Amino acid sequence: MSSQTEWDVLEEVIVGRVEGATFPSWDRILKNTIPKKALPDYKSQFSSKGKLIPEHIVEKANVALENFIALLQSEGVKVRRPNLFDFQKPFSTPLWQVQTGISCANPRDIFLVINDCIIECPMADRGRYFEVFPYREILKELSENGWNWVSAPKPTLDDELYSVGLSDEYLYSITEFEPTFDGADFVRCGKDIVGQISHVTNGFGIKWLQNFLGAGYKIHLIKSKCPEALHIDTTIASLAQGKLLVNPEFIDYNSLPNFFDDWEIIEAPKPDSFITEIGGYRLVSDWMSINVLSLDDKRVIVEEKQKSLIKTLKDRGFDPIPCAFEDYYIFGGSFHCATLDISRIPK
């Protein structure tokens with residue numbers, strides 16, 4: 001088993017869970033990354049920090065997850081799930097403490113798979129410090145079957161990591177105090193990996209990753225035009241060898257890495273409207289529309305309401321597979337975020 005791209009034939013995948021999810025208790029990064037139109041309601045909604053997400057919201061997300069899993073299995077994909085975990089327990093280090101964890105909804109954030117190596121990412125969010133624990137059983141099994149299981153340097157998450165206010169020096173929520181990155185800030189194109197600096201990924205983290213991977217891999221950086229940049233998979237999606245789906249609001253085509261020069265660049269259409277609510281505001285970017293999951297270089301799972309994107313993909317020779325997933329968005333992601341590829345086989 002191994003996985004090197006976003007488009008080889010998907011054989012096995014991890015899908016996250018939402019049971020026991022809580023409102024985030026560490027909000028320094030979150031305040032800088034939710035859409036600006038959500039800010040007026042932010043304080044009232046997140047006064048619930050540390051409390052369980054209401055059960056009816058979890059139930060709706062679980063219905064979406066189960067339907068998604070059934071779709072994956074019908075397409076021949078093996079699905080693994082993390083264990084249930086109690087995220088309500090407080091935890092601390094000698095430097096800080098938080099009221100609770102968050103969830104294990106989005107494994108793409110906390111791991112980065114490069115071939116047969118699975119890296120536990122040094123995440124900048126204090127509330128996600130122990131989010132790898134529900135996946136421990138899967139990690140042990142992968143290791144027993146020959147995978148290289150690695151944990152990047154565990155960050156201290158000292159106050160020095162966080163910028164007090166955004167500035168010309170620090171455009172995002174973190175400084176270069178120590179290496180941090182989320183797996184979802186990278187797109188894999190074989191030996192070429194595309195990454196970005198964001199509110200959770202800094203230059204130090206990218207340098208560590210390049211040093212770890214060595215000369216056989218090349219990390220290419222893009223610069224997001226989104227001030228709330230948090231994860232690259234609402235900016236670009238590599239759908240096949242030589243075909244890149246691009247969000248025209250978040251990236252300047254002229255700034256793409258040189259190795260994309262001979263690729264077909266597919267401009268994603270403006271997202272069709274959707275609703276994801278806790279108390280009346282949208283917590284995720286409109287461009288969650290391009291957070292798709294490729295089953296191979298033709299089949300792409302897309303949220304069923306994104307009719308414009310479905311048409312664009314069909315026109316470009318893809319086979320989009322519609323799936324209802326809007327009720328999952330409130331947990332911070334869509335199909336790509338909610339999954340982690342374990343096995344992809346080249347055609």
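On a predicted model such as this, the values are computed, not experimentally measured, just so you know.
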Under the side-chain contact (heavy atoms from CB on, under 4.5 Å) criterion, do D8 and I345 qualify, and how do the steps go? CA-CA 5 Å; D8 285 333; I345 305 299; 5.9 Å; no

Flag, side chain of S143 to backbone of L139, donor-acceptor distance under 3.5 Å: no

Step through the shown structure and confirm whether more than 12 heavy atoms of other residues, nucleotides or ligands are within 6.0 Å of NZ on K154. yes

Counting only N and O atoms by type, is there a donor-acceptor contact under 3.5 Å from the side chain of D341 to the main-chain atoms of V113? no

Can you check side-chain contact (heavy atoms from CB on, under 4.5 Å) on F325 and N67, steps first, answer last? CA-CA 9 Å; F325 212 58; N67 289 336; over 6 Å; no

Only one of D109, L157, V200 passes side chain to side chain contact (heavy atoms under 4.5 Å, CB included) with R128, and that residue is D109

For a 4.5 angstrom cut-off between non-hydrogen side-chain atoms, does I206 reach F186? yes

Give me the atom names and distance for the closest heavy-atom approach of C323 to L71. CB-CD2, 3.8 Å

Quick one: do I193 and L221 end up in the same hydrophobic cluster if we chain Ile, Leu, Val, Met, Phe, Trp and Tyr together by side-chain heavy atoms under 4.5 Å apart? yes

Quick one: does N115's side chain have a donor or acceptor within less than 3.5 Å of a partner on C117's backbone? no

Using distance alone, with no hydrogens and no angle criterion, decide if R108 and T339 have a side-chain donor and acceptor under 3.5 Å apart. yes

So, are E137 and R81 salt-bridged, with charged N and O less than 4.0 Å apart? no

How far apart are the C-alpha atoms of F130 and F85, what are their side-chain angles, what is the distance that settles it, and do they pass the ring pair (Phe, Tyr, Trp, His ring centres under 6.0 Å) test? CA-CA 11 Å; F130 294 109; F85 192 77; 8.7 Å; no

Could you check if a side-chain atom of D272 sits within less than 4.5 angstrom of a side-chain atom of L309, using non-hydrogen atoms only? no

Just do the side-chain contact (heavy atoms from CB on, under 4.5 Å) check on R188 and T5 with the steps written out, would you? CA-CA 5 Å; R188 301 161 307 142; T5 74; 5.5 Å; no

Between F23 and P54, is any pair of side-chain heavy atoms under 4.5 Å apart? yes

Would K191 and Y217 count as a cation-pi pair here, with the cationic atom under 6.0 angstrom from the ring centre and within 45° of the axis? yes

Verdict with reasoning, I114 to L209, per side-chain contact (heavy atoms from CB on, under 4.5 Å): CA-CA 11 Å; I114 306 292; L209 181 60; 5.6 Å; no

Of all heavy-atom pairs between N202 and G205, which one has the smallest distance, and what is that distance? OD1-N, 2.7 Å

Count I, L, V, M, F, W, Y as connected when their side-chain heavy atoms are under 4.5 Å apart, and connections chain through other members. Are F331 and I69 then in the same cluster? yes

Heavy-atom side-chain contact between F177 and S163 under 4.5 Å: no

For the backbone of R299 and the side chain of D296, can you confirm whether one donor and one acceptor N or O come within less than 3.5 Å of each other? yes

Modelled atom types, side-chain donor and acceptor of E120 and W149, under 3.5 Å: yes

Sub-3.5 Å donor-acceptor pair from the side chain of Q73 to the main-chain atoms of V77, do we have one? no

Closest non-hydrogen contact found for G16 with L65 is O-CD1, 3.8 Å

Below 6.0 angstrom between ring centroids: does that apply to F111 and Y135? yes

Min side-chain heavy-atom separation F260-H220 under 4.5 Å: no

Within the structure provided, determine whether L313 and L239 are in side-chain contact (heavy-atom separation under 4.5 Å). yes

For E176 and G203, indicate whether the former's side chain and the latter's backbone hold a donor-acceptor pair under 3.5 Å. yes

Quick check on the 6.0 Å ring-centre criterion: do W96 and Y162 meet it? no

How many angstroms lie between atom CZ of R344 and atom CD of E6, to the nearest 0.5 angstrom? 6.5 Å

Tell me whether D158 contacts the main-chain N or O of L95 through its side chain, where contact means a donor paired with an acceptor under 3.5 Å. no

Indicate the atoms forming the closest heavy-atom contact of T22 with F87, along with that distance. CG2-O, 4.1 Å

If you count heavy atoms of other groups shown closer than 6.0 angstrom to NZ of K243, is the number above 12? yes

Would you say V98 and I110 are hydrophobically clustered, going by side-chain heavy atoms of ILVMFWY under 4.5 Å? yes

Applying a strict under-4.5 Å side-chain criterion to I, L, V, M, F, W and Y, I'd like to know whether M123 and I118 cluster together. yes

How many angstroms lie between NZ in K311 and CG in D315, if you round to the nearest 0.5 Å? 4.0 Å

Thinking salt bridges, do E12 and R80 make one under a 4.0 Å N-O criterion? yes

Between E303 and K305 (salt bridge meaning N to carboxylate O under 4.0 Å), is one present in this structure? no

I want to check a possible cation-pi pair here: K218 against F259, using under 6.0 Å from ring centre and within 45° of the ring axis as the test. no

Any chance the rings of F68 and Y328 have centres within less than 6.0 Å? no

Examine distances only and state if a side-chain atom of D125 and a backbone atom of G127 form a donor-acceptor pair shorter than 3.5 Å. yes

CG/L142 to OG/S2 distance, rounded to the nearest 0.5 angstrom? 11.5 Å

What closest approach, in Å, do F250 and T234 show between heavy atoms, and which atom pair accounts for it? CD2-O, 3.7 Å

Nearest 0.5 Å, please: how far is CG in D327 from NE2 in H56? 10.0 Å

Working to the nearest 0.5 Å, report the span between CG of N62 and CD of E19. 4.5 Å

Is the NZ atom of K89 crowded by more than 12 outside heavy atoms at less than 6.0 Å? no

Is any side-chain heavy atom of L245 less than 4.5 Å from a side-chain heavy atom of R316? no

Side chains of P320 and K314, heavy atoms from C-beta outward: is any pair under 4.5 Å? yes

Looking at P271, is its backbone amide N or carbonyl O close enough to the side chain of D286 to form a donor-acceptor pair, meaning the two atoms are under 3.5 Å apart? no

If you group Ile, Leu, Val, Met, Phe, Trp and Tyr by side-chain heavy-atom gaps below 4.5 Å, do I290 and V246 land in one group? no

For the side chain of T175 and the backbone of E160, is there at least one donor-acceptor N/O pair under 3.5 Å apart? yes

In short, S224 meets T235 closest at the heavy-atom pair OG-OG1, 4.5 Å

Could you measure the distance from the CG atom of L161 to the OG1 atom of T180? Nearest 0.5 Å is fine. 5.5 Å

